[in-house]
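Below is one structure, written out as structure tokens; comments come after it.
Labels below follow one simple rule: chain letters A, B, ... track the order of the sequence lines, proteins then strands, and each chain is numbered from 1.
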Protein chains: 2
Amino acid sequence: MRTVPTLRQLRYLVAVVDRCHFGQAAAACNVSQSTLSAGIQELEDLLGAPLLERTKRTVVPTALGRDLADRSRGLLKGAEELMDVAQAAREPMAGPLHLGVIPTIGPFLLPRALPQLRETFPKLQLYLREDQTARLLERLDAGELDAVLLALPYALGDLEVMDLGEDRFSVVYPADHRLPATDAATPADIASENLLLLEDGHCLRDQALAACELEGARRNTAFNGTSLHTLAQMVANGLGVTLMPQMALDAGIVRGLDVAVRPMTGSAPHRRIGLVWRRTSARKETFRQLGEALRPFL
Amino acid sequence: MRTVPTLRQLRYLVAVVDRCHFGQAAAACNVSQSTLSAGIQELEDLLGAPLLERTKRTVVPTALGRDLADRSRGLLKGAEELMDVAQAAREPMAGPLHLGVIPTIGPFLLPRALPQLRETFPKLQLYLREDQTARLLERLDAGELDAVLLALPYALGDLEVMDLGEDRFSVVYPADHRLPATDAATPADIASENLLLLEDGHCLRDQALAACELEGARRNTAFNGTSLHTLAQMVANGLGVTLMPQMALDAGIVRGLDVAVRPMTGSAPHRRIGLVWRRTSARKETFRQLGEALRPFL
DNA sequence: ATTGATTAATCGGAAAAAGCGATTACATAC
DNA sequence: GTATGTAATCGCTTTTTCCGATTAATCAAT
């Protein structure tokens, strides 16, 4: 069991490397300059190599110093995470939680679910960010978000997923449309129509096509909607038909519009709603409970 | 800047979680039982949550305790790595180094290079392991190897690669073969022959085929060699022709065999020799110097 | 039930460390 | 030169860390 540097020493190192100034680094660490200076020297003695060049009037970290400072940042972050894990274990449903949501879920699910969430978890401070899946996952990876509420299937990286349930697609078409008013629409019905979809980047676009076993390549791209509300308007104006998730219909997205809605036959085309988080996250229990609380609203 | 646990406390936690016994854990940490006991309590106070269940006579870690112990192991390992990085910066070419080598490089390159390496880097303790690329990379990932000497192209993960140079393929055929004794062989020449290759799993098999722009699918698989030496014997016995890297020829693999060797025309088919290591490795400078020292032997 | 053995927690005091303020040493700017 | 800004050093105090001894609790054997 070798002697290793203390986190305190590493914190000092990081502070100096960041600022190239002992005095300021000491202030940032809330210790005196002499204390910090001594700490750095201990570290250099222990490692047996210089970490800082003190020539001239300025301090410059050596290559080794920079390398070790980088690694130290990681270690310090890991130590902070320990605190987070413990805090989350003590009170899973308290504190700030940064949640990402995609635009085809957020506006429909959250207005219904949030009041109940606030009541059930009064100490939870929920910060929401709405964006497309890819960008939310970037932020999740970067640690800016704690979890993301999105639609599956989607090629996720090394994340943990909690499946919250399915969300079926229905066909929305103009009320005076020639489609026979039978119970359910078939993929063939849709294939013969002018199918309106969200613009590229929305996962719903690909998921809807895949779920209905339709080819996306030869789609009419002249009429791409920027939101599900836009799409509904476009259908009401007779521009074509569209696929709409049940969640949006439940939220009344076609209320007041002169359109008709039909379920789809057969394999019950749907997307799945999932809550995902980093495999290393400190708050898995928090997410699990959050997911359970959201489930009834699907 | 929050208060975080000390590495010392984390070491205590890991020791207890591993052994479920304060006394043994204390002994393993070279401290008294009272010291360790106090350290654990500090940690529990700091985190505000119990890490160990002390009911009955036995100690059982809580779920949180296990989780934190896992994370702590990572942090402690990271701290040890700091020491390694510093040590490697002080004396790059000293200490133990576990190097993996593939079978189509090791037996030809190392006998020539090792004496010189030993002389140039007398303090380097080189431990060698010979295996196929895929398995070496697994061990590299697991931290059992520090670096791997292999042949490219190969689909590597997130590794750093140092290119050491190219290694050309030549055609080896029986001395009495009908091939005209022109200077160089073409891919077409080879395509019409019974081409002998190493058995599956050897990267050389695919690399040779790719470099010569030959399709591998319809190859005769009845005669797969288990080593380049075997292949050379098979050619001498008139079973077909084969592709041999220059490195093996230089090492005299066909010496005493009744075969002929011809270079290949055109795009000079070759594999590249590379030294790879983990992007997070503590000893990049060591590997760089090692690579430079190996280069002249290609 | 009593005794003995094992184990973790607790306590008092010693040793080590971490920290501070003041001072020194050094380089640069004026 | 002198003033200024900076890091290193020194003496001293406070805090932390650690140990050995003791206590309290549990379990096993009698």
Nucleotide [N], atom [atom2] - distance to [atom1] of [X] in whole Å:
X: B:Ile40; N: D:dT17; atom1: CD1; atom2: P; value: 13 Å
X: A:Glu53; N: D:dT6; atom1: CD; atom2: P; value: 19 Å
X: B:Asp45; N: D:dT16; atom1: CG; atom2: C1'; value: 15 Å
X: B:Leu7; N: D:dT16; atom1: CG; atom2: C1'; value: 16 Å
X: B:Arg54; N: D:dC27; atom1: CZ; atom2: P; value: 16 Å
X: B:Gln41; N: C:dC11; atom1: CD; atom2: P; value: 10 Å

task: Examine D:dT17: is either OP1 or OP2 under 4.0 Å from a nitrogen or oxygen in the side chain of B:Arg8? Give yes or no.
output: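 Yes, because at least one side-chain N or O of B:Arg8 sits under 4.0 Å from OP1 or OP2 of D:dT17.
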- prompt: Counting just side-chain N and O atoms, does B:Tyr12 come under 4.0 Å of either OP1 or OP2 of D:dT17?
  reply: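 Checking B:Tyr12 against D:dT17: no side-chain N or O falls below 4.0 Å of OP1 or OP2.
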- prompt: Hey, are A:Arg278 and A:Glu160 close enough for a salt bridge, meaning a charged N less than 4.0 Å from a carboxylate O?
  reply: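 Here A:Arg278 does not pair with A:Glu160 in a salt bridge, since their nearest N and O are not under 4.0 Å apart.
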Partner set under side chain to side chain donor-acceptor pair (under 3.5 Å) for [X], not counting sequence neighbours:
X: B:Arg295; result: B:Glu292
X: A:Asp158; result: A:Arg279
X: A:Ser37; result: none
X: B:Glu91; result: B:Lys123

query: What does B:Glu42 touch in the nucleic acid at a heavy-atom separation under 4.0 angstrom: a base, only the sugar-phosphate, or nothing?
result: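 Sugar-phosphate, no base atom in range.
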- request: Hey, could you give me each pair passing salt bridge (charged side-chain N to carboxylate O under 4.0 Å, His left out) that has a residue in residues 101-117 of chain A? Not counting sequence neighbours.
  value: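 Passing the test, one end in residues 101-117 of chain A: no pairs.
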Nucleic acid contacts of residues 16-38 of chain B, taken as heavy-atom distances under 4.0 Å to DNA chain D: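 Within this stretch, B:Asn30, B:Val31, B:Ser32, B:Ser34, B:Thr35 sit under 4.0 Å of the strand.
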